[in-house]
Amino acid sequence: MPATVARRLSRLAPVRRFVRGIDRRTVVRVGIVAAVCYASWLAIATFGRPYNFFDMKIYHGAVVWWAGGHDLYEFIAPRTTLGFTYPPFAGLVMLPMAAIPLGLAGWLNGIASVAALTVVLAALLKPITDRLGWSLWFTLGIAVPAAVAIEPARETLGYGQVNLLLFGLIMADLVALRWRARRGSRVRPTDGPLRRLFFSGAWAGVGIGLATSIKLTPALFIVYLMLTRQWRAAMTAIGAAVTVTIGTFAVTSRESTAYFTSVLWQTERVGAADMTPNQSLAGLLARLYDSIDTPTLLWFSFAMLLLALGLSRASHSHADGDELTAFTLVGLTTNAISPISWSHHLVWVIPAILVLADAASRRRSASRPPAHRTALGPVGSGPVGLGGLRAPIWFPTLVGLRHGIAAVGLYLLFLISPIWPYEHQLPEVSHYQDGFFGVLMENSLALAIIVLLAALPWRPGAEPAFYTEPSRFERRLASRSAH
């Protein structure tokens with residue numbers, strides 16, 4: 001018996017060593033991550049709405065209908081007036097869903113969306129955690145559930161939408177542009193051709209092209225790439241979009257013809273402009289005019305102004321070496337000028353919150369005095385004050401506080417999402433039913449997007465994505481040095 005006990009205890013020795021190796025800090029961090037996950041779950045239950053994969057029901061029903069031999073765009077979901085509104089390529093991508101139950105399709109979409117969000121946040125947080133000396137897994141463990149809890153992410157997951165997946169495709173190109181800017185520094189001579197191609201970032205633009213083929217609004221990123229003269233990425237995006245679209249037309253010519261000649265222009269298929277969840281400029285104007293439709297000329301004029309503002313600020317952000325903020329501004333511009341931007345489309349507030357928080361941290365770090373200075377400064381510095389004491393060179397300041405407050409305020413706004421308690425629907429209820437405060441709350445997310453377009457700061461030198469082809473002289477000089 002003692003021998004048997006000894007053998008069992010010896011088997012537990014690796015477990016004991018593992019437990020002893022876990023320090024108290026790790027336990028505390030795991031506890032904090034668990035608490036944040038639980039708090040996010042409570043926030044979704046408190047501020048979210050009943051979710052039943054409503055949009056996924058339309059997608060799933062449409063592809064089942066299509067797989068049965070019917071026309072894709074003739075499908076209308078039961079007890080609604082809604083049908084499939086995406087380009088035919090999106091239908092082809094979703095077609096395998098016809099072979100699985102609706103609930104499983106919704107959960108698989110949710111898992112893939114959270115995975116995409118996690119990968120994107122890991123890529124965006126890595127430069128920040130490296131600079132601050134933070135643990136990436138701990139930061140990510142807090143950031144992911146916190147991001148899932150806010151309006152765009154929880155609505156995307158609850159309705160079975162694809163916004164986080166498209167977000168992941170576009171941000172993949174941001175990562176590729178980073179790698180290209182470093183001229184393949186992650187590539188080793190022993191790497192195979194596929195690994196060399198992947199880490200060289202030469203494929204930058206493919207994600208934007210695919211996203212444009214699934215939903216048309218990401219095409220604005222192609223315009224941005226051209227304005228900033230990132231020609232290779234722009235041409236790659238155009239090539240990917242055109243290739244996929246032509247290939248889809250070859251497979252589904254009837255649906256492609258129907259979409260580009262008819263369905264694309266039927267804006268009523270999506271919903272009325274004044275509906276509360278439509279937090280675009282068009283929705284804002286329709287509600288301010290207390291009308292189901294948007295005043296077209298006024299909307300077009302302001303949309304062009306916001307388009308110019310967003311692309312101009314994104315170009316300046318790129319020129320100052322902050323590609324993340326540039327991409328964020330372009331994404332926010334698509335949210336603002338699109339005729340319909342449901343609240344689950346506003347995923348670009350996630351990197352906006354990150355940019356604001358990092359801007360606060362950078363400004364705070366830059367305001368700190370050099371190590372050799374004290375609060376009263378070195379001897380002999382500053383003018384003489386009362387009692388013969390020298391005035392301090394540096395005081396503790398609140399530098400970066402406004403950006404920190406903006407980040408927290410923006411997060412809380414999209415966490416609470418005050419549009420829903422003041423939801424109105426014409427012609428039954430006027431949008432002015434609850435007075436000025438009700439109007440402000442019902443349009444709060446749209447107003448936040450517009451304010452971000454005008455005021456989101458960029459961080460000079462934070463994430464440059466400059467890449468220029470080497471000149472003939474540089475190539476000749478490199479070849480000579482190699483020999």
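Proximity of a side-chain donor or acceptor of S213 to a complementary backbone N or O of G209 within less than 3.5 Å is detected. No donor-acceptor pair closer than 3.5 Å links the side chain of S317 to the backbone N or O of R313. Between the H344 side chain and the G160 main chain, no donor and acceptor come within less than 3.5 Å of each other. In this structure a side-chain-to-backbone donor-acceptor pair under 3.5 Å is missing from T325 to D322. Here the side chain of R362 pairs no donor or acceptor atom with the backbone of P460 at under 3.5 angstrom. Put simply, the side chain of R154 gets close to the backbone of L415: a donor and an acceptor are under 3.5 Å apart. Side-chain atoms of N163 never come within 3.5 Å of backbone atoms of T156 as a donor-acceptor pair (strictly under, hydrogens ignored). Checked by atom type and distance alone, the side chain of T129 pairs as donor or acceptor with a backbone atom of K126 at under 3.5 Å. Looking at T46, its side chain never comes within 3.5 Å of a backbone N or O of A43 through a donor-acceptor pair. Y51 places a side-chain N or O within donor-acceptor distance of the main-chain N or O of R49, the cut-off being under 3.5 Å.
Enclosure of atom CH2 in W137 by more than 12 non-hydrogen atoms of other residues, nucleotides or ligands within 6.0 angstrom is indicated. Atom CZ of F300 has 12 or fewer heavy atoms from other residues, nucleotides or ligands within 6.0 Å. Counted within 6.0 Å of CH2 on W420, heavy atoms from surrounding residues, nucleotides or ligands total more than 12; the atom is thus considered enclosed. In this structure, M226 places its CE atom where only 12 or fewer heavy-atom neighbours from other residues, nucleotides or ligands lie under 6.0 Å away.
Closest of all the heavy-atom pairs between A202 and T236 is O-OG1, 4.5 Å. In this structure, L124 and P351 approach most closely via the heavy-atom pair CD1-CB, 4.4 Å. Heavy-atom minimum distance, V120 versus G168: CG2-CA, 3.7 Å. Shown here for S417 and L445, the closest heavy-atom pair between the two residues is OG-CD1, 4.0 Å. The two residues T294 and A286 make their nearest non-hydrogen contact at OG1-CB, 3.8 Å. Residues Y422 and T276 approach most closely at O-OG1, 4.5 Å, considering heavy atoms.
Annotation: side chain of S338 is not in contact with side chain of H345 (no heavy-atom distance under 4.5 Å). Using a 4.5 Å heavy-atom threshold, the side chains of I350 and L121 count as touching. Proximity of L102 to M56: side-chain heavy atoms (C-beta onward) are separated by under 4.5 Å at one or more points. Side-chain contact check for F53 versus H60: every heavy-atom pair is 4.5 Å or farther apart. Counting heavy atoms from C-beta outward, L284 and L288 have side chains that approach closer than 4.5 Å. Proximity of D71 to R254: side-chain heavy atoms (C-beta onward) are separated by under 4.5 Å at one or more points. Residues Y259 and L72 fail the side-chain proximity criterion, which asks for heavy atoms closer than 4.5 Å. With contacts defined as side-chain heavy-atom distances shorter than 4.5 Å, the pair L413/V349 does not qualify.
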Intermediate values then yes/no, side chain to side chain contact (heavy atoms under 4.5 Å, CB included), T333 and L307: CA-CA 6 Å; T333 303; L307 176 64; 4.1 Å; yes
Stepwise side chain to side chain contact (heavy atoms under 4.5 Å, CB included) test for Y86 and V162: CA-CA 11 Å; Y86 288 145; V162 297; 3.9 Å; yes
Chi angles and distances behind the side chain to side chain contact (heavy atoms under 4.5 Å, CB included) call for L82, D55: CA-CA 9 Å; L82 303 175; D55 289 343; 5.7 Å; no
Intermediate values then yes/no, side chain to side chain contact (heavy atoms under 4.5 Å, CB included), L117 and V347: CA-CA 10 Å; L117 177 62; V347 295; over 6 Å; no
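Below 30°, between 30° and 60°, or above 60°: for Y73 and F84 the angle between ring planes is between 30° and 60°, a tilted geometry. A perpendicular orientation is assigned to the rings of W179 and W203, their planes being inclined by more than 60° (bins at 30° and 60°).
Exactly one residue among T328, L324, D320, V355 makes a side chain to side chain contact (heavy atoms under 4.5 Å, CB included) with W458. That residue is D320. For the side chain to side chain contact (heavy atoms under 4.5 Å, CB included) with K215, the lone residue among L166, T334, T85 that qualifies is L166.
The CG atom of L225 lies 6.5 Å from the CG atom of L177; values are rounded to the nearest 0.5 Å. Here the CD1-CG distance, from I150 to L410, works out to 7.5 Å after rounding to the nearest 0.5 Å. The structure places CG of L92 at 10.5 Å from CD1 of I214, a figure rounded to the nearest 0.5 Å. Atom CG of residue N335 and atom CG of residue L306 lie 11.5 Å apart, to the nearest 0.5 angstrom. Distance check, rounded to the nearest 0.5 Å: CZ of R131 to CG of D358 gives 4.5 Å. Separation of atoms CZ (F47) and CG (L42) is listed at 10.0 Å; rounding is to 0.5 Å.
Less than 6.0 angstrom separates the ring centroid of W348 from the ring centroid of F221.
Judged by distance alone, the side chains of H431 and N443 never bring a donor and an acceptor atom under 3.5 Å apart. In summary, the side chains of E323 and H318 do present a donor paired with an acceptor at a separation below 3.5 Å, with no hydrogens or angles considered. Checking Q161 against W342 by side-chain atom types alone, no donor-acceptor pair falls below 3.5 Å. Between the side chains of E442 and Y432, no donor-acceptor pair of N or O atoms lies under 3.5 Å. Q279 and S343 share no side-chain donor-acceptor pair at under 3.5 Å.
Partners of S280 under the side-chain contact (heavy atoms from CB on, under 4.5 Å) rule, at least two apart in sequence or in another chain, are N278, A282, S341.
For residues 285-301, the set of pairs meeting the salt bridge (Lys or Arg N to Asp or Glu O under 4.0 Å) definition, not counting sequence neighbours, is empty.
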